[in-house]
Amino acid sequence: MAAAGDPDGMEEPGMDTEADTVATEAPARPLNCVEAEAAAGAAAEDSGAARGSLQPAPAQPPGNPAAQASVSNGEDAGGGAGRELVDLKIIWNKTKHDVKFPLDSTGSELKQKIHSITGLPPAMQKVMYKGLVPEDKTLREIKVTSGAKIMVVGSTINDVLAVNTPKDAAQQDAKAEENKKEPLCRQKQHRKVLDKGKPEDVMPSVKGAQERLPTVPLSGMYNKSGGKVRLTFKLEQDQLWIGTKERTEKLPMGSIKNVVSEPIEGHEDYHMMAFQLGPTEASYYWVYWVPTQYVDAIKDTVLGKWQYF
């Protein structure tokens, strides 16, 4: 009979969990050898799977095909992705290099790329595409197109050192040889005029002085045939008049290519002077016994450095 006050059919407290209590609190029985081995294997698999899920994806090896293709195509590291590339033929020292290069890169960046390909320092490069490539402009701005030929002129430091050593020696030898040359006044073609001696009516000289051109013609001098000659500087007409007994040549100052002079040995207060009227030394017009104080003024006036008005 059920207890008074209890609803009919109700179970005593704890009856519905009795099976669970028995299941959880019942001591586990020892595993036999086969069962223990199987349980250990399962645990190892679960541990390995957990570790695999926590490890990051392996990094792409440096030598993978995608990276190698980027280098071989001439792209800058990290700079080619997402950028418009252009095919270039870089020609230096008779060697062609096919590269791909970003169209929005500057001429300075192109020089760095050429340096990596050829070993030629940027400071020693002349890069040309329809003229000299400016360093601050992009290839797009100077309208470089695909397949363009980029010409590079320049020498490596080793090349410069190899060439300069004998060149410097040759220049020194040439200078030494030039110093060995006898003065102009000792050469035969000039000696025959100078041996006549100083003209009696030549204008007086002032050794160690520099003066402006006189307002009167320079007279009393000889030309290479030994005849008397005078020089008149027509500054208002920009002309030099070379007058002899026979005629007067009126020469535009601009037509005279050069003026050379040298002191006369033994008479250093006078010079022998030549006006170059053509492209070669054969066109020199020689004048002898020019007073030294006017030599610099004559050169500066004829060559247009400064004028005396």
Side-chain angles (χ1 to χ4, degrees), residues 163-164 166-199 201-203 205-214 217-235 237-308:
V163 171
N164 277 355
K167 183 178 180 181
D168 291 343
Q171 288 177 343
Q172 291 175 0
D173 291 343
K175 188 174 182 180
E177 185 66 24
E178 185 176 350
N179 291 336
K180 291 179 182 178
K181 289 182 178 179
E182 60 183 352
L184 292 172
C185 61
R186 294 184 187 177
Q187 295 178 13
K188 185 177 179 180
Q189 61 171 326
H190 305 301
R191 192 73 261 166
K192 65 181 183 181
V193 179
L194 295 174
D195 284 345
K196 294 179 65 173
K198 183 171 68 173
D201 57 346
V202 70
M203 297 180 69
S205 65
V206 182
K207 189 175 182 179
Q210 293 184 1
E211 296 184 9
R212 298 161 66 101
L213 290 174
L218 294 176
S219 60
M221 301 169 291
Y222 289 141
N223 59 20
K224 66 178 181 178
S225 62
K228 287 295 186 69
V229 64
R230 64 183 177 275
L231 301 177
T232 306
F233 296 89
K234 294 289 186 178
L235 302 181
Q237 301 175 34
D238 197 28
Q239 291 181 347
L240 169 61
W241 291 10
I242 301 177
T244 63
K245 184 179 179 180
E246 294 79 18
R247 61 180 180 175
T248 298
E249 294 285 347
K250 299 180 180 180
L251 305 173
M253 299 281 194
S255 68
I256 301 173
K257 310 297 183 184
N258 195 18
V259 181
V260 297
S261 69
E262 181 183 286
I264 298 174
E265 194 172 40
H267 299 274
E268 282 73 15
D269 50 341
Y270 287 94
H271 280 228
M272 49 187 293
M273 176 174 285
F275 300 94
Q276 185 178 349
L277 308 181
T280 66
E281 292 186 6
S283 65
Y284 281 177
Y285 187 95
W286 286 97
V287 178
Y288 304 87
W289 303 101
V290 179
T292 187
Q293 70 269 25
Y294 300 129
V295 169
D296 288 340
I298 292 172
K299 289 182 179 179
D300 291 337
T301 301
V302 171
L303 299 177
K305 292 183 180 179
W306 38 292
Q307 300 285 339
Y308 295 88

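What's counted below: heavy atoms across the whole structure, side chains too, no hydrogens, waters or symmetry copies.
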Item to complete: Nearest 0.5 Å please: distance from the CG atom of Leu213 over to the OG1 atom of Thr301.
Response: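 Here the rounded value is 4.5 Å.
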Worksheet item: If you look at every heavy atom in Leu240 and Ile256, which pair is closest and at what distance?
Response: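 Heavy atoms of Leu240 and Ile256 come nearest at CD2-CD1, 3.8 Å.
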Discussion item. Could you check whether atom NZ of Lys228 has more than 12 heavy atoms from other residues, nucleotides or ligands sitting under 6.0 Å from it?
Written reply: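 Atom NZ in Lys228 is packed in, count exceeds 12.
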Worksheet item: Taking C-beta and beyond as the side chain, do Met273 and Val259 meet within less than 4.5 Å on heavy atoms?
Response: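 Yes, close enough: below the 4.5 Å cut-off.
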Discussion item. Is there a side-chain contact between Pro199 and Met221 in this structure, where contact means two heavy atoms from C-beta onward sitting under 4.5 Å apart?
Written reply: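 A side-chain contact under 4.5 Å is absent here.
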Practice prompt. Starting from the C-alpha separation in whole Å, work towards a yes-or-no answer on side-chain contact (heavy atoms from CB on, under 4.5 Å) for Phe275 and Leu251.
Written response: CA-CA 11 Å; Phe275 300 94; Leu251 305 173; 6.0 Å; no
Discussion item. With rounding to the nearest 0.5 angstrom, report the CG to CD1 distance, Leu303 to Ile298.
Written reply: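 Output value for this atom pair is 11.0 Å.
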Discussion item. For Asn223, run the side-chain contact (heavy atoms from CB on, under 4.5 Å) check against Val193, Thr244, Ile242, Val287 and tell me which one passes.
Written reply: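 Going through the options one by one, the only one that passes is Thr244.
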Worksheet item: Between atom CG of Leu194 and atom OH of Tyr288, what is the distance when rounded to the nearest 0.5 Å?
Response: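 It comes to 6.5 Å.
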Worksheet item: Quick one: does Glu265's side chain get under 4.5 Å of Arg186's, heavy atoms only?
Response: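 SC-SC contact between Glu265 and Arg186 confirmed.
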Worksheet item: Is the number of heavy atoms from other residues, nucleotides or ligands within 6.0 Å of CD (Gln210) greater than 12?
Response: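 No.
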Item to complete: Identify the two heavy atoms, one from Trp289 and one from Val202, that lie closest to each other, and give their separation to 0.1 Å.
Response: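 For Trp289 versus Val202, the nearest heavy atoms are O-CG2, 3.4 Å.
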Worksheet entry | Min side-chain heavy-atom separation Phe233-Met253 under 4.5 Å |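 The answer is yes; the side chains approach within 4.5 Å.
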Worksheet item: Do any N or O atoms from the side chain of Gln239 and from the backbone of Lys234 form a donor-acceptor pair under 3.5 angstrom?
Response: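 Not confirmed, Gln239 side chain does not pair with Lys234 backbone.
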Item to complete: Determine the minimum heavy-atom distance between Arg212 and Tyr294, stating which atoms define it.
Response: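 Looking at all heavy atoms of both residues, the shortest contact is O-CE2, 3.4 Å.
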Item to complete: Measure the CD-CD distance between Glu211 and Gln293 for me, rounded to the nearest 0.5 Å.
Response: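 CD of Gln293 is found 4.5 Å from CD of Glu211.
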Worksheet item: Can you tell me how far the CG atom of Asp195 sits from the NZ atom of Lys188, to the nearest 0.5 Å?
Response: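 So the CG of Asp195 and the NZ of Lys188 are separated by 12.0 Å.
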Fill in: Taking every non-hydrogen atom, the tightest pair across Leu184 and Glu262
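Where Leu184 meets Glu262 most closely, the heavy atoms are N-OE2, 2.8 Å.
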Discussion item. I'd like to know if the side chain of Glu268 and the backbone of Gly266 have a donor-acceptor N/O pair within less than 3.5 Å.
Written reply: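 Checking the backbone N and O of Gly266 against the side chain of Glu268, a donor-acceptor pair under 3.5 Å is found.
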Worksheet item: Taking the six-membered ring for Trp, are Trp286 and Tyr284 parallel (under 30°), tilted (30 to 60°) or perpendicular (over 60°)?
Response: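 If you compare the ring of Trp286 with that of Tyr284, the planes turn out perpendicular.
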Discussion item. Looking at every heavy atom in both Thr248 and Gly243, which two are closest together, and how far apart are they?
Written reply: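 Answer, listing the atom of Thr248 first, then Gly243: OG1-CA, 3.8 Å.
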Worksheet item: What closest approach, in Å, do Lys196 and Gly226 show between heavy atoms, and which atom pair accounts for it?
Response: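 What the structure gives for the nearest pair is NZ-O, 3.0 Å.
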Discussion item. Using a 6.0 Å distance limit plus a 45 degree cone around the ring axis, check whether Lys198 lies over the aromatic ring of Tyr270.
Written reply: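 Cation-pi check for Lys198 and Tyr270: fails.
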